[in-house]
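Just below is one structure, and these are the notes that go with it.
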2 protein chains.
Amino acid sequence: MTTEILPKNENDSIQKEIISKIRDYINFKNLEPGDKLPSERKLSEKFEVSRGNVREAIQTLEFYGLLYSKPQSGTFVADIGPVAMNGMINDILRLEEPDFKTLVETRILLELKTVRLAALRRTEEDLKEIEEALEAYSEKVMQGEDAVQEDLLFHLAIAKASGNSTINTFMLTITPEIITNFTKYHVCDKNVAFTGIQEHRDVYEAIKNKDPQLAKEKMKVHFKMLYQYCYNIKD
Amino acid sequence: MTTEILPKNENDSIQKEIISKIRDYINFKNLEPGDKLPSERKLSEKFEVSRGNVREAIQTLEFYGLLYSKPQSGTFVADIGPVAMNGMINDILRLEEPDFKTLVETRILLELKTVRLAALRRTEEDLKEIEEALEAYSEKVMQGEDAVQEDLLFHLAIAKASGNSTINTFMLTITPEIITNFTKYHVCDKNVAFTGIQEHRDVYEAIKNKDPQLAKEKMKVHFKMLYQYCYNIKD
DNA sequence: CAAACCAATTTGGTAAACCAGTTTAAGAAG
DNA sequence: CTTCTTAAACTGGTTTACCAAATTGGTTTG
């Protein structure tokens, strides 16, 4: 995982340029699945950039499953036809930097699903971990301290209990960004944290009783303020 | 993302080991947000691994927002307290390789959302691109050829029209894996493709008429078989 | 004529060397 | 003793050089 998911540097533009050149090359030479690309060295001199940049671009395309590299052999186009290849590369090039609004929107979506799945699939061990996270959160709030971390860990514990590793990965991906923005914009304040305890407890009880519908409802209540924030934010 | 999001190599284990050692170091030294980690060189000799491995591990932790590196200065622990730090690192280490079932489950979840958002937010240009993808799919199927690529691009066009770049990125991430598994297990066959044309058209019409509820219903119909497959697959 | 072998070249991966800022600390001046 | 100067050591990032595996083309052998 090497790869950071999205480059935010100024290298971004040059890497995108290289990616588009690779696309053009594949189209021009009519490369099909399994065909070999020129070596990194040749590409670097053909595009007049450093080999490192070429490697970076190839790794990005590898991340999206469009290319694959075999050590001491070469880089090959994946088992995806030219239509999908072009379409996906264009999508990748057009990808915008995710903003806070879409981040929150996605988090709500994911969590309303994980809480349902957790209510259906949770093991006793999952339940125990969720409870521990809940207690840690309550204690911190009762002491009047900031509990953003414990809040987060409660939600991550639910994500883990959902048994869906893909969603779990996505949650882990967006969580840090969420935290930094929350603390930056002070979305959560003190009295909200207090009401949050009961809301967390409601969600926990629903998961404990294996009631997916209720769990989802309680999570919706918990997200109510967040929901408003998400759809009232200026575009 | 440079990170490729998840390493599948055997380097995986050694990198995870380094990550856990970094966690132990942070705990042992009681490092707080803003504190500096030892240099990559020192860590590499302390852990008795190459500097490259250390760099890779740090970049992974950077991807999840737990560390940040300042050029020519050092690597620092992010503004996340020790509780969240430990919790998240443990989650990262425990992350399982996503299997096909969770992949499909996640795809259905994401698409039922994107199609709603697309119906609400689509621009005229979005609609045009979706229509083009639809036509390309129909033609391919009519000619009796395999149309997995065009099918995919139709769904990606909807994701783009949803206006949520975070979900869009996630869709792009899971799509290649979906494709390879589809072609491997032959989830889709010929007659399904034919019925798929009308289903696609229904979805398109709903988006065109800006009817989010209908769009979601039609997409559900389209996913019906996939849905069954997802929940009947052996665990 | 075909198959098997071999050496040489090419490949992606990796470790070492290098670079340009930053930090640190020692030393000189006041 | 304090403060400013300065140079040396250290930092993450980048380029370069090297490596072992694998492909390739030619040659030999059955």
Side-chain angles (χ1 to χ4, degrees), chain A residues 1-4 6-15 17-19 21-22 25-26 29 31-78, chain B residues 1-4 6-19 21-22 25-26 29 31 33-78:
Chain A
M1 102 190 129
T2 311
T3 315
E4 39 275 32
L6 289 175
K8 300 168 184 174
N9 324 6
E10 43 123 357
N11 306 342
D12 191 11
S13 57
I14 134 167
Q15 189 185 339
E17 203 168 334
I18 296 177
I19 290 178
K21 283 180 180 176
I22 292 178
Y25 181 89
I26 292 177
K29 295 285 185 181
L31 261 43
E32 298 176 359
D35 286 354
K36 192 167 87 171
L37 261 67
S39 70
E40 297 175 350
R41 292 170 174 79
K42 289 198 180 146
L43 285 179
S44 71
E45 64 176 286
K46 179 190 285 281
F47 298 157
E48 292 177 349
V49 293
S50 76
R51 188 187 159 199
N53 290 129
V54 173
R55 278 183 68 80
E56 207 177 341
I58 288 178
Q59 281 171 2
T60 298
L61 260 24
E62 243 183 313
F63 169 74
Y64 287 107
L66 303 181
L67 301 177
Y68 61 93
S69 293
K70 281 201 283 185
Q72 286 82 35
S73 178
T75 302
F76 305 83
V77 321
Chain B
M1 176 173 327
T2 314
T3 47
E4 31 293 24
L6 291 173
K8 298 167 183 174
N9 326 4
E10 42 126 357
N11 307 343
D12 191 11
S13 57
I14 134 166
Q15 190 186 338
K16 284 195 173 181
E17 203 168 334
I18 296 177
I19 290 179
K21 282 180 180 173
I22 291 178
Y25 181 89
I26 292 177
K29 295 284 186 181
L31 259 44
D35 286 354
K36 192 167 89 171
L37 261 67
S39 71
E40 297 175 349
R41 297 174 227 279
K42 293 223 178 108
L43 286 178
S44 72
E45 64 176 284
K46 181 191 284 278
F47 298 156
E48 291 178 351
V49 293
S50 76
R51 187 187 159 198
N53 291 128
V54 174
R55 275 183 69 79
E56 206 177 341
I58 288 177
Q59 280 171 3
T60 298
L61 260 23
E62 242 183 312
F63 169 73
Y64 286 107
L66 303 180
L67 301 177
Y68 61 93
S69 293
K70 282 202 282 185
Q72 287 84 32
S73 179
T75 301
F76 304 83
V77 323

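Bear in mind the structure is a predicted one, so any value in this text is a computation, not a measurement. First the proteins, then the strands, lettered A, B, ... as listed; each starts at 1.
- Contact annotation: A/S73 side-chain N/O to D/dA22 OP1/OP2 distance is not under 4.0 Å.
- Distance CZ (A/F76) to C1' (D/dA22): 10 Å, rounded to an integer number of Å.
- Distance CG (A/N53) to P (C/dG12): 16 Å, rounded to an integer number of Å.
- Residue B/G74 is classed as a sugar-phosphate contact, given heavy-atom separations below 4.0 Å to backbone atoms only.
- Atom-to-atom, CG of A/L67 to P of C/dG13 comes out at 12 Å; the value is rounded to the nearest Å.
- The side chain of A/R41 contributes no N or O atom lying less than 4.0 Å from OP1 or OP2 of C/dT10.
- For the pair B/E56 (side chain) and B/Q15 (backbone), a donor-acceptor distance under 3.5 Å is absent.
- The side chain of B/K36 lies closest to D/dT11, out of C/dG13, D/dT11, D/dT15.
- For B/R51, the side-chain atoms get nearest to C/dA17 when compared with the rest of C/dA17, D/dT11, C/dG12.
- Two residues are said to be in side-chain contact when any heavy atoms from C-beta on lie closer than 4.5 Å; B/I58 and B/S69 meet this criterion.
- In this structure, the CD atom of B/Q72 is 6 Å from the C1' atom of C/dA20, given to the nearest Å.
- Considering only heavy atoms from C-beta on, B/S13 stays 4.5 Å or farther from B/K16 through its side chain.
- Checking B/T75 against B/E40 by side-chain atom types alone, no donor-acceptor pair falls below 3.5 Å.
- As rounded to whole Å, 9 Å separates atom C1' of D/dA22 from atom NZ of A/K70.
- Residues B/I22 and B/F47 meet the side-chain proximity criterion, which asks for heavy atoms closer than 4.5 Å.
- In this structure, B/S39 reaches the D/dT11 phosphate: one of its side-chain N or O atoms is under 4.0 Å from OP1 or OP2.
- What separates CD of A/E40 from P of C/dT11 is a distance of 10 Å, to the nearest Å.
- Nearest-nucleotide assignment on DNA chain D puts the 5′-proximal partner with A/G52, out of A/G52 and A/P71.
- Between B/E45 atom CD and D/dT11 atom P there is a gap of 10 Å when expressed in whole angstrom units.
- Residue A/K42 has a polar side-chain atom (N or O) positioned under 4.0 Å from OP1 or OP2 of C/dT11.
- Close to D/dT14, at under 4.0 Å from its OP1 or OP2, lies no side-chain N or O of A/S50.
- Taking atom CZ on B/R55 and atom C1' on D/dG13, their separation rounds to 6 Å, with Å as the unit.
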